[in-house]
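Working notes, beginning with the structure itself.
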Protein chains: 4
Amino acid sequence: MTDLTASPAINVRDRILDAAMRLFVDKGYHPTTIPDIVKASGTSIGAVYHHFEGKEDLARQLHQQVIAEFMGFVGAEVLNGSNAETSIRAYTELMFRLTEERPYFVSYLLHARPRAVVDDNLTVCSREGLEVTSEIIRIGKANGEIIDADERVLCGLISGTIMRIVDMRADHIVPGSLIALVDPVAELIWRAIRI
Amino acid sequence: MTDLTASPAINVRDRILDAAMRLFVDKGYHPTTIPDIVKASGTSIGAVYHHFEGKEDLARQLHQQVIAEFMGFVGAEVLNGSNAETSIRAYTELMFRLTEERPYFVSYLLHARPRAVVDDNLTVCSREGLEVTSEIIRIGKANGEIIDADERVLCGLISGTIMRIVDMRADHIVPGSLIALVDPVAELIWRAIRI
Amino acid sequence: MTDLTASPAINVRDRILDAAMRLFVDKGYHPTTIPDIVKASGTSIGAVYHHFEGKEDLARQLHQQVIAEFMGFVGAEVLNGSNAETSIRAYTELMFRLTEERPYFVSYLLHARPRAVVDDNLTVCSREGLEVTSEIIRIGKANGEIIDADERVLCGLISGTIMRIVDMRADHIVPGSLIALVDPVAELIWRAIRI
Amino acid sequence: MTDLTASPAINVRDRILDAAMRLFVDKGYHPTTIPDIVKASGTSIGAVYHHFEGKEDLARQLHQQVIAEFMGFVGAEVLNGSNAETSIRAYTELMFRLTEERPYFVSYLLHARPRAVVDDNLTVCSREGLEVTSEIIRIGKANGEIIDADERVLCGLISGTIMRIVDMRADHIVPGSLIALVDPVAELIWRAIRI
DNA sequence: CATGAATGAGAATTCATTCAT
DNA sequence: AATGAATGAATTCTCATTCAT
């Protein structure tokens, strides 16, 4: 089982990126000022501009790093099976464990819509998260495990269900760890889409 | 069937609110400037400050108006049936029709997280959208139509599936009208949760 | 003895002028807004612009009215005697009675430096108040009642002493009515300047 | 004899404070804009906001600095004698020399009524100037040098006379240096209040 | 005469970025 | 590499004034 925890930020660059991620999640990109990031990271204005070209570049590098780490987890945990049912369970488990262990990371994944950073206006979920689901469906259909419904609908059900529960937990709407819900959720999804 | 279309903004206040909604969706709250709103609404700075106390108050009033209108639709279309299956179909249809007829309204519902406006940091969907789903589940369980699973999970599946498909369409990830998907989606959800 | 009390403002123009005087004294000219004056006078924006050309014109007319009323009191109470000692007593009494009966009127006299209204930057006291004192000194010297000192010095002592005590009372630095101090003050001034 | 001249403002903060003092005296607090201060001080908007929290804070710090410097002069020149007659002469000389050497400093002392800056609405003179005079009177009465009159009246005569002559000079109503008037003024005041 | 919605020039303030040390 | 004082473009908001009703 992959270690999902983040290594504690030791160097200046990582301290800045980590502080920026938390602030972007808590306050949003625009309301977060460079001095905010400086204060939260215990560094200096000069250090920020030494490591990044500016606020936008900092956001872009943060975004790429988060995506890369997320896709790494997905590759290691989800897309290595050739079976749709176990992949759905693995994807659910990955997302729920991440939510419990790294809530800021997940909140960033769910909500960051960095217009200044990427030309479109999509969250990581709408873009990379969807690729994961599409791949699972492709495998499942090829294996004859999954009903022959519209792909948009299947995608929406799988990723929507998982992300929505993560969202409710990250927003503190619902209490309690999600770990116990991995099996119930995976089973419910499977009820809907299995042959 | 309720008329979901917005009446064309005729007075200054509504023209400002309408322009603000579109700009908040397209650019986000912070990057939208008062001059942007003035230009888009064909009014004047003074008019904005005559009708609203400031940008924040404008956002707050917009938020309340959108919520009120949405809850009005929900009350008229969804929460008047005593049957979970038809309520789910009605909810799906409402959201899909709104997406086609008033895409900005729906994008606002899905993504506006106005920290400055409400003390928490939730989208309309996370809050009001959840109430709708909870109510449907309550009815369905009382009627013995729905399996006895964790409420968070059922909620997540129903609202997550619907919202996710709306989201993909609003983000132009998937092309084509959602109207044809009302029945397939409602049926898929129903496969998952029916006794 | 002249009646120093202001007749209650009955018509719109006077209500506006009276409200403006109080607000100019309490908040200052610039921080006082037209809506402030409208609220305090119970009139309307339109009424203000009907009776005055604008804020500056309102201030100018107020200034002229205050000066005219003050000079009327001075003419009736102070400058009708041919004797310096009684004139000084009369001037002292006039200022002290005004301070008790119309504190806003006196505060306006003492502190209003309406740069926008008159081209120089003097209070009514520095201009009109000084003319009064100069005239008293002229009479006193002609009568041989007053020592032959520098006129600036004599002026400063007479008007400075009176105005300073009024000032302290108007600013609420010292408590208690000034009426009982009329004789002591006039006598002290006289000790300094009599032959 | 204390050096009353101001050292030329060398650092940015002092250049800003000095420019602000002159502008507040010449135009008043409200009509003075931040760009005015920037232009007059040869600095930048950013520099103003780097050194002060805002226009109000700038005014507050200026006020405190002027008071502190004034009270320093008073302590060194006036309140070190144990004799009322010489203290009055010293106070007169201090004020008249300041008027000649630092007219803006004195105009600020006399007229700045910074409502936004101190909770009451008094000039430095009404407050700190009064303490000086009260102390002189206390000494004089203890020594049996001064007549037993109402303290408000004695205060008013001493500080009123001095301030008024300074005022007339600062307002350019009277021409010519005040230095030659130190003895005549001190003697006239003394005639009024000595036993 | 009276009203107050609408206007926009001008003010204070913020904050990303630069650069001398 | 690191620092933080200095810069000024861009933003929000105020308020005197106009004018249709």
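Order of the sequence lines sets the chain letters (A, B, ...), proteins ahead of strands, with each chain counted from 1.
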Take atom [atom1] of [X] and atom [atom2] of [N], then tell me their distance rounded to the nearest Å.
X	N	atom1	atom2	value
B/Leu23	F/dT12	CG	P	12 Å
A/Asp36	E/dT17	CG	P	14 Å
D/Arg15	F/dA5	CZ	P	16 Å
B/His30	F/dT12	NE2	C1'	12 Å
D/Asn11	F/dG4	CG	C1'	16 Å
D/Phe52	E/dT14	CZ	P	15 Å
B/Lys55	F/dT14	NZ	C1'	17 Å
B/Ile37	E/dA6	CD1	P	16 Å

Subject >> B/Glu53 and B/Arg60 ion-paired at < 4.0 Å >> reply: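 Looking at B/Glu53 and B/Arg60, the cut-off is not met.
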Subject >> Of B/Gly42 and D/Gly46, the one whose closest DNA chain E nucleotide lies more 5' >> reply: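 It is B/Gly42 whose nearest nucleotide is closer to the 5' end.
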Closest listed nucleotide, where the reference is the side chain of [X] and the choices are [options]:
X	options	answer
B/Ile34	E/dA6, E/dC1, F/dT12	F/dT12
B/Ala47	F/dA6, E/dA16, E/dA6	E/dA6
C/Ile45	E/dG4, F/dT14, F/dA5	E/dG4
A/Ser44	F/dT3, F/dA6, E/dA6	F/dT3

**OP:** Establish, from distance only, whether the side-chain atoms of C/His63 and C/Tyr108 form a donor-acceptor pair under 3.5 Å.
**Re:** yes
Looking at [N], I'd like to know if its phosphate oxygens (OP1 or OP2) sit under 4.0 Å from a side-chain N or O belonging to [X].
X	N	value
C/His50	E/dC1	no
D/Tyr49	E/dT14	no
B/His51	E/dA6	yes

Original post:
Considering every strand shown, what is the Watson-Crick or G-U wobble mate of E/dA20 when both distances are under 3.5 Å?
Top reply: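 For E/dA20, the partner nucleotide comes out as F/dT3, under the 3.5 Å rule.
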**OP:** State, yes or no, whether a side-chain contact exists between D/Asp18 and D/Tyr104 at a heavy-atom distance under 4.5 Å.
**Re:** no
Original post:
Could D/Lys55 and D/Tyr49 be counted as a cation-pi pair, given that NZ or CZ must be under 6.0 Å from the ring centre and within 45° of the axis?
Top reply: no
Original post:
Should the pair B/Phe105 and B/Phe70 be assigned to parallel (<30°), tilted (30 to 60°) or perpendicular (>60°) ring geometry?
Top reply: tilted
Subject >> Whole-angstrom distance between E/dC1 and F/dT21, as gauged at atom P >> reply: 23 Å
